[in-house]
Amino acid sequence: MKSIIKSILSVVVLTSVLYSCGNGGSNNSSKGALGSSAAEKVYVAPGEHDEFYAFISGGFSGQLAVYGLPSGRLFKVIPVFSVDAEKAYGFNEETKAMLMTSHGFIPWGDSHHPDISQTAGEVDGKFVYINENNTPRIAKIDLTTFETTEIIELPNSAGNHSSSFVTENSEYIVAGTRFSVPVPQRDMPIKEYKSNFKGALSFISLEKESGDMDLAFQIMMPGFNYDLSHPGRGKSHGWFFFTTYNTEEAHTLLEVNASQNDKDYIAAINWKKAEEYIKAGKFKTMPARYAHNKYDEHTHTATTSWGKEVKVLDPAECPGLVYFLPTPKSPHGCDVDPSGEYIVGNGKLAAELTIHSFTKMLAAIEAEKFDGEAYGIPILKYEDILAGAVKQPGLGPLHTEFDGKGNAYTTFFISSEVVKWKLGTWEVIDRKPTYYSVGHLMIPGGNSAKPFGKYVLALNKITKDRYLPTGPEVTQSAQLYDITGEKMELLLDFPTIGEPHYAAGIPADIVKKNSKKFFRLEDNNHKYAVKAEEDARVERNGNEVHIYMTMIRSHFAPDNIEGIRVGDKVYFHVTNLEQDYDVPHGISMIGANTSELLIMPGQTETFIWEPKQVGVWPFYCTDFCSALHQEMQGYVRVSAKGAKTPLTYTLDDEELDAE
Ligand code: RUQ
Ligand code: CUA
């Protein structure tokens, strides 16, 4: 085994040397990204819109970035699992609950795989779901507002990686644990890993209209690593496929010890069967504590409720629920073609790319042709289920997407390339280098029955010499290829936020018509909302002071407040009286131990200021909102602890006494 690793390493070194000499994916006929025809293909004239949205995971930034394709322009970074001082997410009192977990308030996450909701097998553009790997969670982003509106934590999981992929009618999203752990968690020696650690696969049901998540059940699998997954579709709808590695159940030096077996498995889960078992009461109820955070769009406030238990199915006791498909060699990506027939296992250390046939799998199950079992789960015979293999495709295959025209595109990390091959004949049609070390790739509508096979986006781990140097870290990048012809054509490089693991793309027309443009004040049910300037006020309650403030172009009401004392806890409850989109106002207070608040039209947000020093301290609007934005400011007078300064405030130039 060591020699395999050595030879792979030498190839890595060799390929990186090779590729660092060349620059640009040019071939002589079209000049690739250097040619003017490529520039024209990505040019979106001023005022025009891109054809596709691309939602690119922010990786270790914990966020989700929104780009346009083909231009590669960045439109927004949506805060999801990490606090964001730009938008006050996780800083204002309203959104703190979004980041609550059973481990407490967690200000950061590691997001990998966005996926768009589907109706009848096609992306419908209502919601994007994305996983958090480190403290296992899944988030929902509402595409009418591009805001995170729900986060659910996953019990019994660790390293929530094979997640969060959506079934063809958005029945479920799944969340498979990458790391197996003791279930329930307990204090035990790590060397007793084998057969004691378990891998939970969670099925989260989605409510039809709202897209809201609910932890429906978990399947408690053997202690392997569950790396990636994709749903069946069409004929294989009702099944879910998960790659596994470390079927050796090693717990130390995995790079060697988890690379022993010639084949690991793809786990085929019959989730329709799981539903039957749940209905028939064949589950165990396990105690579990997990946070479920929801953002209410009318109160602009998130609340946490606590899950207390989870229904668990044991595959050994549920015949027909799970089968193992032997797949060479530590497979990473697990991808299903648009017809639902082919299941591609991308074996990181395998010489060929393995494609299983769903039809053959069903026939083998029907005939009960098994090759033994593992922990009570039947293992199918490799030869019986094999549809075909792509021979000598490249080195280190990771992920595959489909163009809906009978072609597949696979990334090769070690040989840094995207390889186009044909479904059914398994022949390689084209290969193009990536710069460098490509991980995932994305074709808009990729995880669906209807991909939009115009572009493929390669999501690269290393950029080295591709951009201006920026210190020891250079940006990660995405590369756009035109795939409308027989050969792929490199069009564009653009930088990404954090590490772009996966991305999800969709025609912009499906999403943009639903974008919310007007935010009615009367729909604001925030309990500290003030809907007219004359209702703005200041109230003291012991050492708590509540300022009910409004903002509109170009002033705050009230804008002068006196009678605050050192030791007070001052709540700024600020309502933006604007109602049209794109007119947020900001507010920030000198010395406040939080971020500014960027308050959207029609909304109310709250921050807390605990003044430490006597003086007269300014606050101001942080968003250049009008010609008189620089005039949008105010003062708070802070007196000494115990001082008798009366509590007063100004409204429309008039000084008023607080009650
Ligand atoms: S990963 S590069 Cu999806 Cu996190 Cu494969
Ligand atoms: Cu309001 Cu600047």
Side-chain angles (χ1 to χ4, degrees), residues 56-62 109-115 130-134 136 159-165 174-179 225-230 242-243 245 330-335 344-348 396-401 410-414 416 418 434 436-442 446-447 457-462 476 478 496 498-504 549-557 559 574-578 580 582-588 596-601 603 605 618-634:
I56 304 185
S57 99
F60 42 69
S61 82
D110 181 15
S111 58
H112 285 219
H113 308 122
D115 205 13
I130 187 165
N131 65 323
E132 204 275 275
N133 202 50
N134 183 55
N160 170 39
H161 196 259
S162 36
S163 168
S164 50
F165 303 102
V174 297
T177 197
R178 176 165 146 221
F179 310 119
N225 291 39
Y226 296 86
D227 206 11
L228 276 155
S229 60
H230 267 100
F242 289 80
T243 40
Y245 66 101
S330 303
H332 181 59
C334 181
D335 300 291
V344 184
N346 305 271
K348 299 191 291 281
L398 290 184
H399 298 280
T400 300
E401 296 256 306
T410 301
T411 53
F412 291 83
F413 179 80
I414 297 172
S416 275
V418 178
T434 59
Y436 307 94
S437 302
V438 59
H440 279 270
L441 74 176
M442 182 276 278
N447 174 37
L457 191 67
L459 300 156
N460 303 336
K461 308 291 191 193
I462 295 172
Q476 269 95 3
T496 60
E499 182 180 330
H501 283 262
Y502 195 29
M549 185 180 275
T550 62
M551 55 194 347
I552 194 164
R553 279 162 287 178
S554 297
H555 59 272
F556 294 99
D559 67 352
V574 190
T575 302
N576 182 352
L577 298 179
E578 316 273 358
D580 197 22
D582 204 22
V583 198
H585 293 281
I587 180 170
S588 67
E596 54 88 59
L597 303 188
L598 189 63
I599 304 172
M600 296 302 136
Q603 293 211 354
E605 292 186 17
F619 58 91
Y620 69 98
C621 174
T622 49
D623 186 318
F624 209 108
C625 50
S626 73
L628 295 171
H629 155 80
Q630 291 295 80
E631 281 69 19
M632 199 166 166
Q633 62 172 58

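Atoms within a ligand are numbered from 1 in the order they appear, just like the ligands themselves.
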### Summary
Atom name of the N, O or S atom of Asp623 nearest to atom 2 (Cu) of ligand 2 is O
### Summary
For Lys461, the ligand 1 atoms with a heavy-atom partner under 4.0 Å come out as 2 (S)
### Task
Output the list of atoms in ligand 1 that are nearer than 4.0 Å to some heavy atom of His161, sorted by atom number.
1 (S), 3 (Cu), 4 (Cu)
### Task
With heavy atoms of Gly439 as the reference, note each atom of ligand 1 found under 4.0 Å away.
2 (S)
### Message
Can you give me the closest heavy-atom contact between Asn576 and Val583, atom names plus distance?
### Response
ND2-O, 3.1 Å
### Summary
Here the pair of heavy atoms bringing His113 nearest to Ser164 is O-OG, 3.3 Å
### Side chain Ser416, main chain Ser437, donor-acceptor under 3.5 Å
yes
### Query
Below 2.8 Å, any N, O or S contact between His585 and atom 2 (Cu) of ligand 2?
no
### Summary
If we number the atoms of ligand 1 from 1 as shown, the ones under 4.0 Å from a heavy atom of His399 are 2 (S), 3 (Cu), 5 (Cu)
### Message
With rounding to 10 degrees, what does the angle His113:NE2 / atom 3 (Cu) of ligand 1 / His440:NE2 come to?
### Response
100°
### Query
Have Asp623 and His585 got a donor and an acceptor in their side chains that come within less than 3.5 Å?
no
### Task
Could you tell me the angle subtended at atom 4 (Cu) of ligand 1 by ND1 of His501 and ND1 of His112, rounded to 10°?
80°
### Task
Check ligand 1 against His332 and write out every atom of the ligand that is under 4.0 Å from a heavy-atom position of the residue.
1 (S), 2 (S), 5 (Cu)
### Task
Fit a plane to each ring of His112 and His161, take the angle between them on a 0 to 90° scale, and name the class: parallel (under 30°), tilted (30 to 60°) or perpendicular (over 60°).
perpendicular
### Task
Could you tell me whether a side-chain N or O of Thr243 sits under 3.5 Å from a main-chain N or O of His332, the two making a donor and an acceptor?
yes
### Query
Taking the six-membered ring for Trp, are Phe619 and Phe556 ring centroids under 6.0 Å apart?
yes
### Query
Which N/O/S atom belongs to His629 and is the closest one to atom 2 (Cu) of ligand 2?
ND1
